2 protein chains.
Amino acid sequence: MKIATWNINSIRTRLVHIVNWLTENPVDVLCLQETKVTDAQFPQAPFESLGYYLYFSGQKSYNGVALLSRQRLEDVSCGFTPIVTNIQPDWDEQKRVITGVIDGVRIVNLYVPNGSSVGSEKYKYKLDWLKILHEYLRSLLAVSSHICMCGDFNIALESKDIHDNVTTENHIMASEPERQALQDILALGFADAFRKFNTEGGHFSWWDYRAASFRRNLGWRIDHQYLTQELYERAISCIIDVTPRSLTQPSDHTPVIVELSTTPSCLRLS
Amino acid sequence: MKIATWNINSIRTRLVHIVNWLTENPVDVLCLQETKVTDAQFPQAPFESLGYYLYFSGQKSYNGVALLSRQRLEDVSCGFTPIVTNIQPDWDEQKRVITGVIDGVRIVNLYVPNGSSVGSEKYKYKLDWLKILHEYLRSLLAVSSHICMCGDFNIALESKDIHDNVTTENHIMASEPERQALQDILALGFADAFRKFNTEGGHFSWWDYRAASFRRNLGWRIDHQYLTQELYERAISCIIDVTPRSLTQPSDHTPVIVELSTTPSCLRLS
DNA sequence: GTGAAGTAGG
DNA sequence: CCTACTTCAC
């Protein structure tokens, strides 16, 4: 089973790119972030024609997440509040979370807040949001131990995940509090699928539109797939497909694809 | 000699359209309106590659006129004030007038104010602007009797210049004061080149972007070439090329092309 | 640099 | 409907 994550920075502007990519890469599940459309505006027909079921949670202009799946998903929910019940409902005003289950694997698709700059109000929101996410995952893990947490995390955990021309200390997406918040989450029992197969630096999933970052390969690895133990063991590849970033009018992010071996049916219930 | 007029509604957005059109229609002079760029931003190289000399007078966002000519033009000037000296300089803040001479023919390229709605402040400005234009042409005629006055006049003189679904009375571009102001100008000695060859209605040069006007052919003939007597006699064709309006991302206007027979040199000095 | 929104002008 | 500008976010 192949699961991809891609921040597409407007599903309307990127529609042709996504359809072309899916045609070439018919993954089982595609997790999208930054769709930037309300649910009423989500372009459904082009994806349904490709044989995908659609699940989305969007808003005007900002954020927005979607799951595209070749199989119908079970147990789909949007936002934190269906899972974490003791929080303010306004935590779900920004559409950043969607989840569903396929073949016993719970996919959690996230668009973590960017945080603007270290110390800002948005930065505080990002750290608070990550605390809620921690609770959210704790709740999910109480029910299922097969979780694939995908998305744009807006955090590079290690310096090798960042091109070396950047000052990492106190830079947004690399500051210690952000990294710690993500480490606390991973400590619940998640491991980075990409790092199972590649321990080198210089692999990036996002390049700023500005300053010709892509041409100069000044990227960051901030789009991740984190797997619980058994899924991590089932991972047989995890690659970053740089191609879409090189097309005209690209998203600033490019897809990351993890492949899980199919569980033998005798183990499916374990 | 072929002289064309075309309101291109942003020279940057329409650059490819114009280059393609000029390649297919290598007119001697192309009069452009609504370039919508400052002189520093005017894209020169693509037109120079086609063998055109460029003369332009633009501003940010609005208005802007240009002359493209296969030959160098003489006596080029921009705005009213170089010709009509007793007016306020602010009459040239909006870039709507450019003129130059080719083979003894003075081309006057105009972007007449739209006027917004009858009775508005912009309407008053349009009528006042047309009075200044009257003075401007009187001055030019005192020196030369060979004038080709081209442009987007934002006035349809006769009801047959308008599709029949429009209420013409007191409609902007068709109101009596506008028509009278233009008639006063034409009375200086100008005649409509298009009407030398075609007296039928149903020929339009502009279709509103709204309400699928082009598909339904709900157009207006508001782009004109007005010629002084001898030039009018030399006119051998005047056609509206509807094709550019049917392309993707078109201007709302389409080119009008007049062809003048070449004057025998023995008459050139008359 | 790129996207979306709002606004003005047509 | 279409363009251009501005502001905002990333």
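Every chain is numbered from 1, with letters handed out A, B, ... down the list of sequences. Computed from a predicted model, the values in this text were never measured in an experiment. All values below were derived from every heavy atom in this structure, side-chain atoms included, with hydrogens, water molecules and symmetry-related copies excluded.
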Exercise. Would you please indicate if the ring centroids of A:W91 and A:Y125 are separated by under 6.0 Å?
Key: yes
Quiz item: What is the distance from CD of A:Q33 to P of D:dC10, rounded to the nearest Å?
Solution: 14 Å
Quiz item: Are OP1 or OP2 of C:dA4 and a side-chain N or O of A:R14 less than 4.0 angstrom apart?
Solution: no
Practice problem: Grab the OH-P distance between B:Y209 and D:dC2 for me, whole Å please. | Solution: 7 Å
Quiz item: Is B:D252 paired with B:R210 through a side-chain N to carboxylate O contact shorter than 4.0 Å?
Solution: no
Practice problem: Could you state the atom-to-atom distance from NE2 of A:H253 to P of C:dG3 in whole Å? | Solution: 13 Å
Practice problem: Would you mind telling me which of C:dG9, D:dA4, C:dG10 lies closest to the side-chain atoms of B:T13? | Solution: D:dA4
Practice problem: Measure from the ring center of B:F194 to the ring center of B:H224 and say whether it is less than 6.0 Å. | Solution: no
Quiz prompt | Nearest-angstrom distance from the residue atom CH2 of A:W206 to P of D:dC10 | solution = 12 Å
Practice problem: Please tell me which of the listed nucleotides, D:dC10, D:dA4, C:dG3, lies nearest to the side chain of A:Q249? | Solution: C:dG3
Quiz item: So does B:K60 get a side-chain nitrogen or oxygen closer than 4.0 Å to the phosphate oxygens (OP1/OP2) of D:dA4?
Solution: no
Exercise. Would you kindly compare A:A212 and A:S10 by the position of their nearest DNA chain C nucleotide and give the one closer to the 5′ end?
Key: A:A212
Quiz item: C:dG10, D:dA4, C:dG6: which one has an atom nearest the side-chain heavy atoms of B:Y111?
Solution: C:dG10
Quiz item: A:Q41 CD to C:dA4 P: how many Å, rounded?
Solution: 10 Å
Quiz item: Under 4.0 angstrom, heavy atoms only, what part of the nucleic acid is B:E34 near: base, sugar-phosphate, or nothing?
Solution: nothing
Quiz item: Hey, does the side chain of A:R210 come within less than 4.0 Å of D:dC10's phosphate (OP1/OP2), counting only N and O?
Solution: no
Quiz item: When the distance from CD1 of A:I8 to P of D:dC10 is rounded to whole Å, what number comes out?
Solution: 15 Å
Quiz item: Choosing from C:dG3, C:dG10, D:dA4, which nucleotide comes nearest the side chain of B:N114?
Solution: C:dG10
Quiz prompt | Upstream residue (5' side of DNA chain C) when B:P113 and A:N9 are each assigned their closest nucleotide | solution = A:N9
Quiz item: Is B:R215 touching bases, backbone alone, or none of the nucleic acid, heavy atoms closer than 4.0 Å?
Solution: nothing
Quiz item: Hey, would you say the B:W207 and B:W220 ring centroids sit under 6.0 Å apart?
Solution: no
Practice problem: Send over the distance from B:D223 CG to C:dG10 C1', rounded to a whole Å. | Solution: 13 Å
Quiz item: Taking A:Q33 as the fixed residue, which of A:N7, A:T5, A:N154 is the one that meets the side-chain hydrogen bond (donor to acceptor under 3.5 Å, both in side chains) rule?
Solution: A:T5
Exercise. For A:D252 and D:dA9, give me the distance from atom CG to atom C1', rounded to whole Å.
Key: 11 Å
